[in-house]
2 protein chains.
Amino acid sequence: MSTSATTPRTTREAKVDARRDELAESALVTLGERGYARTSLREIAQNSPYSHGVVHYYFDNKVELITYCVRYYKAQCATRYDELVATSTTADELLGRFADKLVETLTDEPQMHRLWYDLRTQAMFEESLREAVLEIDHSLELMIWRVVSRFAELAGARPALDRGTAYALLDGVFEKALLEHLTGTGAALESLRERALTLMPSLISS
Amino acid sequence: MSTSATTPRTTREAKVDARRDELAESALVTLGERGYARTSLREIAQNSPYSHGVVHYYFDNKVELITYCVRYYKAQCATRYDELVATSTTADELLGRFADKLVETLTDEPQMHRLWYDLRTQAMFEESLREAVLEIDHSLELMIWRVVSRFAELAGARPALDRGTAYALLDGVFEKALLEHLTGTGAALESLRERALTLMPSLISS
DNA sequence: GAGAAGTCTTGACACTCGTCAAGCGCCCTC
DNA sequence: GAGGGCGCTTGACGAGTGTCAAGACTTCTC
């Protein structure tokens with residue numbers, strides 16, 4: 001009874017969620033290429049197996065789609081450094097692997113990162129984006145804080161700064177590296193690595 | 001001869017430049033309110049004493065107008081801290097006045113700052129914006145560096161980081177404060193002040 | 001004061017956008 | 001195997017965009 005009633009409903013809902021995720025992935029590709037403002041729903045659909053009308057079948061409007069994308073994107077990246085935090089056994093190892101990972105994600109996913117900075121900036125203008133953006137920004141801050149506090153722990157020290165400041169500093173360094181990387185400065189990758197290596201120790205004390 | 005030939009030409013050119021500046025100022029107001037993507041030429045004209053066609057009389061296209069605005073904006077802000085650098089006589093005075101000035105500009109001109117972050121992010125997508133944006137970003141880096149190196153000098157120390165890193169760190173702190181300020185967190189101003197006060201000393205050593 | 005140059009307005013163009021209604025075809029169900 | 005709902009496509013709509021040509025108004029020149 002309950003199975004025959006709930007199972008088809010849940011599978012249908014699961015199918016809908018799968019389509020939404022599929023569209024979100026197509027949307028993220030397009031958004032990463034063109035940016036938030038220049039991306040149209042038709043362009044998103046063109047990068048998907050479907051036509052432009054399908055977007056309004058799965059999402060009420062554009063903002064809802066973008067919001068869904070932001071949250072979908074968060075699931076991919078807000079745990080990026082967790083494995084490294086969990087398995088590093090010395091402060092030096094954590095530091096080196098963190099710096100390497102920073103460079104790796106800058107190399108592999110520059111479009112996703114510029115999209116993130118784009119969305120965060122648009123949230124300063126468009127209130128409809130704020131809730132989702134602030135939510136993911138907060139989760140990124142927590143992610144960075146897990147790295148910093150574990151680094152301090154392994155070094156037998158304690159963080160010298162609060163959580164927000166630590167995030168602001170590392171985010172500033174990463175954003176600058178991204179800008180340099182995308183606008184041609186060849187040394188952006190190595191520069192990011194070195195800056196991370198010198199900055200992290202100054203975030204902890206005694 | 002030469003005067004009767006050059007004087008009217010130069011005054012005409014000066015008049016044209018004045019109009020371009022006038023339009024740039026109207027454009028900056030609109031851009032600060034709506035952001036780069038959502039600002040149309042008609043909207044810019046509506047915030048000016050002229051009609052929408054006049055834009056194409058003084059600028060070839062939209063990108064040229066925006067580029068002109070960016071450079072015009074730079075002249076206003078890239079020397080923001082210079083007076084303070086020139087007249088402070090102790091490291092503590094410089095530090096305090098710098099932190100106050102950061103808070104002041106965040107309070108008085110949040111729209112100009114979010115516009116700047118918007119344009120810099122758009123430059124990651126649109127190549128036509130890059131030259132002007134990178135130029136002003138570089139001048140901002142030099143401005144920050146003047147503060148940091150003078151601060152080190154007054155403290156009888158030397159900067160502990162390179163120019164680019166120092167800019168990245170302070171920029172990250174300021175951008176976070178701007179986001180918090182615009183999205184409602186009430187403590188953004190005091191938080192920025194405190195972070196600046198604690199960060200600056202860690203940028204210099206021995 | 002007539003003519004020319006410069007300045008600005010108006011109206012239109014081709015285009016793109018988000019949105020939505022109408023309808024087609026598929027698959028599941030009885 | 002007929003009926004019906006679900007998934008998707010197609011085509012259209014009104015609004016808004018950058019751009020530009022044509023002309024009116026102003027200002028300067030001889």
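Throughout, a chain's letter reflects where its sequence line sits, starting with A, and its residues are numbered from 1. Note: hydrogens, waters and symmetry copies are ignored here, and every other heavy atom, side chains too, is used.
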Query raised in the report: Taking only residues two or more places apart in sequence, or in another chain, which ones meet B:Ala91 in a side-chain contact (heavy atoms from CB on, under 4.5 Å)?
Result: B:Phe151, B:Leu154, B:Ala155
Report summary line: Here the distance between atom P of C:dA5 and atom NZ of B:Lys15, to the nearest Å, is 18 Å
**Report entry** Gap between atoms CZ and P, on B:Phe59 and C:dT7 respectively (whole Å)
**Finding:** 14 Å
**Report entry** Phosphate OP1/OP2 of C:dT7: any B:Tyr57 side-chain N/O under 4.0 Å
**Finding:** yes
**Report entry** Which residues share a salt bridge (charged side-chain N to carboxylate O under 4.0 Å, His left out) with A:Glu22, sequence neighbours left out
**Finding:** A:Arg19
Query - Sequence-distant partners of B:Ser128, side-chain hydrogen bond (donor to acceptor under 3.5 Å, both in side chains), two or more places apart - result: B:Glu126
Query raised in the report: What residues form a side-chain contact (heavy atoms from CB on, under 4.5 Å) with B:Val85, not counting sequence neighbours?
Result: B:Leu94, B:Val147, B:Arg150
With a 3.5 Å cut-off and sequence neighbours excluded, list the donor-acceptor pairs that the side chains of residues 53-60 of chain A form with protein atoms.
none

Report summary line: Sorted by chain and number, sequence neighbours left out, side-chain contact (heavy atoms from CB on, under 4.5 Å) with A:Lys62 holds for A:Leu41, A:Ile66
Query raised in the report: Can you check whether A:Arg38 has a side-chain N or O nearer than 4.0 Å to OP1 or OP2 of C:dT16?
Result: no
Query raised in the report: In terms of side-chain heavy atoms, does A:Ser88 have a donor or acceptor partner in A:Arg97 at a distance below 3.5 Å?
Result: yes
Query raised in the report: Going by distance alone, is a donor N or O of one side chain under 3.5 Å from an acceptor N or O of the other, for A:Glu43 and A:Asn47?
Result: no
Query raised in the report: To the nearest angstrom, how far is B:Glu64 atom CD from D:dG18 atom P?
Result: 15 Å
Requested in this report: Find which nucleotide of DNA chain D each of B:Glu43 and A:Arg19 is nearest to by heavy atoms, and output the residue with the more 5' nucleotide.
Outcome: A:Arg19
Query raised in the report: Looking at DNA chain D, which of residues 44-55 of chain A put a heavy atom within less than 4.0 Å of it?
Result: A:Pro49, A:Tyr50, A:Ser51, A:His52, A:Gly53, A:Val54
Requested in this report: Under 4.0 Å between any heavy atoms, over every strand shown, what does B:Tyr58 touch: base, sugar-phosphate, or nothing? Just pick one.
Outcome: sugar-phosphate
Query raised in the report: Quick one: B:Asn61 CG to D:dT19 P, roughly how many Å, whole number?
Result: 5 Å
**Report entry** With sequence neighbours excluded, residues passing side-chain contact (heavy atoms from CB on, under 4.5 Å) with B:Thr105
**Finding:** B:Arg80, B:Tyr81, B:Glu109, B:His113, B:Phe174
**Report entry** From C:dA12, D:dC8, C:dG18, nucleotide with atom closest to A:Arg42 side chain
**Finding:** C:dG18
Query raised in the report: In residues 25-32 of chain B, which ones come under 4.0 Å of DNA chain D, going by heavy atoms?
Result: none
Query raised in the report: Looking at A:Ser40, does any N or O in its side chain come under 4.0 Å of the phosphate oxygens OP1/OP2 on C:dC17?
Result: yes
Report task. Would you kindly give the NE2-to-C1' distance between B:His56 and D:dT19, to the nearest whole Å? Result -> 5 Å
Query raised in the report: Within this structure, what is the CG-to-P distance between A:Leu65 and C:dC17, rounded to whole angstrom?
Result: 15 Å
